[in-house]
> 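The following block contains the structure, expressed as structure tokens.
Residues: numbered from 1 along the sequence shown.
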Amino acid sequence: AESDEIRAAEAVLTSIDEDQLYSPIDQVRCHEGAPALMEIELIEPDLYLAFDPAEGRGFAAAVRERIAC
């Protein structure tokens with residue numbers, strides 16, 4: 001991701017009241033070239049962990065850490 005896309009995604013995430021463990025943010029570029037929010041998925045039906053070389057171990061560890069609090 002380009003630095004302006006990362007900043008735009010961070011701005012979107014800070015506008016949400018809840019801390020998110022996983023929130024894909026889809027963006028497009030406007031005619032002016034700036035990134036624009038296309039979609040944010042706060043509820044993801046498929047985490048695509050089958051495509052993760054670590055087979056989702058990092059995500060599983062993050063979930064375990066969250067529920068251990």
> Consider only side-chain heavy atoms of I, L, V, M, F, W and Y, link residues closer than 4.5 Å, and tell whether Val63 and Leu49 are in one cluster.
yes

> Would you please name every residue forming a side-chain contact (heavy atoms from CB on, under 4.5 Å) with Glu55, sequence neighbours left out?
Arg57

> If you compare all heavy atoms of Ile16 against all heavy atoms of Gln20, which two are closest, and at what distance to 0.1 Å?
CG2-NE2, 3.9 Å

> Within a strict 4.5 Å, meaning less than it, do heavy atoms of the Leu21 and Glu65 side chains meet?
no

> If hydrophobic clusters are built by linking Ile, Leu, Val, Met, Phe, Trp and Tyr wherever their side-chain heavy atoms come under 4.5 Å apart, do Tyr22 and Leu42 end up in the same one?
no

> Mind checking the OG-CG spacing from Ser15 to Leu37? Nearest 0.5 Å is all I need.
8.5 Å

> Taking all atoms of both residues into account, what is the closest heavy-atom pair of Gln27 and Glu5, and its distance?
NE2-O, 3.0 Å

> If you take all heavy atoms of Ile25 and Ala9, which pair is closest and at what distance?
CD1-O, 3.6 Å

> So Ser23 and Glu41, do their side chains get closer than 4.5 Å, heavy atoms only?
no

> Does Ala34 have any side-chain contact (heavy atoms from CB on, under 4.5 Å) partners at least two apart in sequence or in another chain, and if so, which?
none

> Could you report the tightest heavy-atom contact between Asp52 and Gly56, atom names first, then the distance?
OD2-N, 2.9 Å

> Going from CZ on Arg7 to CD on Glu2, what distance comes out if it is rounded to the nearest 0.5 angstrom?
10.0 Å

> Could you check whether atom CD of Glu18 has more than 12 heavy atoms from other residues, nucleotides or ligands sitting under 6.0 Å from it?
no

